Amino acid sequence: MNIHVLPPVVYNKIAAGEVVDRPYSVVKELVENAIDAGATQINVEIEQGGKRRIRVTDNGGGIAKDELALAYSPHATSKLQTADDLFAIRTLGFRGEAIASVAAVSRMQIVSRTQEGEAYSLACEGGVLGDVQPAAGAAGTVVTVDDLFFNVPARLKFLKSDAQEEADIGSVMARFLLSRPDIAFEYSADGKKKYRSFGDGLSAALVAVYGAEALANCTQIRAEKHGIRLHGFLGNRNYYKANRTYQSLFVNGRYVVNQTVGAALTNAYASYLMKRQYPFYVLFLDVPPEIVDVNVHPNKADVRFADNQVIYGCVYSIVSAVLDGNSRALEYLVSSPQTAQIPVRDTLSKQPPRFEAPSAQQEPAQAPAQTPVMSYAQAKEQIAFDVTIPKGQEPHFLDDPVRMEVRQPAPRPAPAEDVFAQNQRLLREQAARARQERIDPAFLEYKGELFQTYLIYQAGDCAYFIDQHAAHERVLFDRLQAAMDARKVASQPMLVPFVLTLNAQEFAFLEKNFPVLRELGFEIEEFGDSSVRVLAVPADLMGMDLNAFFGEVLSSMESLRAIRLVDLLRDRLATAACKAAVKGGERLSEEEVRALIERMDGDVGMKCPHGRPAVVRMKKSEFEKLFKRIV
Ligand code: ADP
Ligand code: MG
């Protein structure tokens, strides 16, 4: 046999498959290089899904003339000197293989100019270097990759359609816009502008990627717990998408898809969304580097946490507090849809960002013709006033150092009002806003029922169709949950006590949880040798399947995604509410109808605990359209 070292051209062709397998990975590597070079403006142009051309232009530090050739050689990097540096990597690249790999399988050209120097270019075709030549260009670097895989037909065959490749590049770009809202990006495909951001903050980047509608439907949060920081945007309870592609998670700045965090979010949204409805979020999770392992696989977008349970619990509790709108959420809110800053610019035009008044609390009637411009510092104060923040915490402001226009500068809060009083006031205001969205039940005129399932009401110009089952289910669920939250659960003794035989571990686990279970309305006690006996259960859950319930509790004992008992019970509650609620097809007496509508308290935006709408509204004009009275 004839063992020999592969010539670099061959070796690099093989290595190219590792680092770059598709056009989007080329885009990713080149943009990361531009970011590492300190660029504040990065433009990306592609043609034919990146197969024909990928060009990345940046205004970063550039590459000196005599280092151009080095940039192309494998394992040449400016980002790592010694092995020790490996443990303190602050750049995105460090292996020094991206450029060499891409150059081996394409026609590549780098034109670069450092701040002090002149511009030079160096081309490389299928791994064969040309000569360094003088060129024209601004400070920074332009990397052009033409005809990717032109010399590797096998790889070419595995590329997807232009449209699919372009879509994947679009996702990569969207992530860059979101994860680096401090950098201005421009991305175009076949000459058409797709994204444009201005480096002016996360809200603006969110709008650049998803449009103003998304921002208007999101709550901005910033939370810190046990040294873990979670911030970003959460789609509100009624804003859902048909798939998961609207979910972005960045762990310590890196885009990842992670089971633990994903499950925490899915479960937090569970009672608001139906099957096949996916929440929208753009979230940044920052954890101490020692509790996260990012090197699962260089090409896999996942991370491993030292303790999944801590991460799960932390994310779940923050997100569900915000979604449930309970008082803890106050700590985490930066802005909610009511107070959201909505940039009203066309995302592709170069107007400076303008913002709506930060709060719905301002009197719109007072809007003066010429709107005073607030300084950033004033705007922060304004937001601090709108969304009170517990003492001693870092301010949870929008991170956008942008000009904001407000209609009326806010009065300073009276110094006498302490944080607690402010919180109370905010809660009252929130409740008042929620009430505004309701309609006064007194205005609801009962018009009859349809199919023994839908109750028909009229209020002014609107007809309301209420699904009696869904509405009743929600009403029951809310009542059960309120009782549970208030720890005022009534217990109901069982005729025959339920006995559970356990092994030592299970017993120890349950025993530890006795106090919680008791608070939740279970009467539970030790019963002989590692057995427990349940004498009473929460009254609202009478008739629940205790075998199944404790089975779940015990199975979560070891699982890393252990859910709090309360959350497990919340699921049970939804089921119990569903069982106890009046069914569709059951004719209700007049009294029952009245009782139901009273308990709904005019909440016409109501959804059942599984996320189905309980009320459908149709305007008079919609009827008129149906009958072609109006067009
Ligand atoms: P790595 O990023 O892992 O160092 P690359 O092959 O991607 O390896 O790049 C090799 C080197 O080329 C980098 O270390 C950097 O010095 C230089 N380089 C690449 N792209 C740029 C750029 N856009 N601006 C400045 N220098 C660059
Ligand atoms: Mg690199």
Side-chain angles (χ1 to χ4, degrees), residues 8-9 11-46 54-83 85-106 108-124 127 129 132 135 137-145 148 172-173 175-176 179-180 183-187 253-255 294-295 297-299:
V9 173
Y11 168 80
N12 286 339
K13 259 193 185 180
I14 298 169
E18 292 277 315
V19 186
V20 291
D21 54 345
R22 306 257 309 279
Y24 79 81
S25 31
V26 176
V27 171
K28 179 171 168 289
E29 292 293 336
L30 298 185
V31 173
E32 286 184 349
N33 280 348
I35 294 174
D36 284 348
T40 56
Q41 171 80 51
I42 299 173
N43 296 357
V44 177
E45 299 149 83
I46 64 154
I54 293 168
R55 172 171 284 164
V56 177
T57 306
D58 71 61
N59 65 351
I63 306 171
K65 179 190 177 190
D66 49 349
E67 294 196 330
L68 270 175
L70 266 180
Y72 280 103
S73 68
H75 310 300
T77 177
S78 55
K79 301 167 193 173
L80 210 60
Q81 304 286 346
T82 67
D85 292 348
L86 259 178
F87 300 100
I89 291 167
R90 283 183 217 297
T91 52
L92 297 164
F94 59 87
R95 295 185 176 82
E97 49 191 27
I99 296 214
S101 307
V102 178
V105 294
S106 69
M108 189 160 174
Q109 191 201 36
I110 302 179
V111 179
S112 195
R113 199 184 114 190
T114 56
Q115 288 299 333
E116 316 77 44
E118 305 284 307
Y120 289 93
S121 82
L122 179 57
C124 183
L129 267 187
V132 176
T141 306
V142 184
V143 180
T144 309
V145 175
L148 183 64
V172 167
M173 288 309 301
R175 285 171 210 154
F176 277 124
S179 66
R180 292 304 303 259
I183 295 177
F185 286 98
E186 242 183 271
Y187 162 57
R254 250 171 67 115
Y255 174 83
V294 294
N295 289 317
H297 186 284
N299 284 343

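Whatever order the structure lists ligands and atoms in, that order sets their numbers, starting from 1. No experiment lies behind these values; they were computed from the predicted model shown.
The minimum heavy-atom distance between Phe176 and Phe185, with the atom names listed, is O-CE1, 3.5 Å.
Here the side chain of Ser112 pairs a donor or acceptor atom with the backbone of Gly140 at under 3.5 angstrom. A donor-acceptor contact shorter than 3.5 Å links the side chain of Asn59 to the backbone of Thr40.
The closest approach between Glu97 and ligand 1 falls below 4.0 Å for a heavy atom of the residue. At least one heavy atom of Asp58 sits less than 4.0 Å from an atom of ligand 1.
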Taking it one step at a time, do Ile110 and Ile99 satisfy side chain to side chain contact (heavy atoms under 4.5 Å, CB included)?
CA-CA 10 Å; Ile110 302 179; Ile99 296 214; 4.1 Å; yes

Any chance you could lay out the side chain to side chain contact (heavy atoms under 4.5 Å, CB included) test for Glu29 and Val102, step after step, and finish with the verdict?
CA-CA 9 Å; Glu29 292 293 336; Val102 178; 5.5 Å; no

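Close approach of ligand 1 to Ala37 is summarised as follows: ligand atoms under 4.0 Å from at least one heavy atom of the residue are 24 (N), 25 (C). Annotation for ligand 1: atoms under 4.0 Å from non-hydrogen atoms of Ala98 are 6 (O), 7 (O).
Ranked by closest heavy atom to atom 27 (C) of ligand 1, the top entry among Ile99, Ile35, Ile63, Val102 is Ile63.
Among the atoms of Asn33, some N or O lies under 3.5 angstrom from an N or O of ligand 1.
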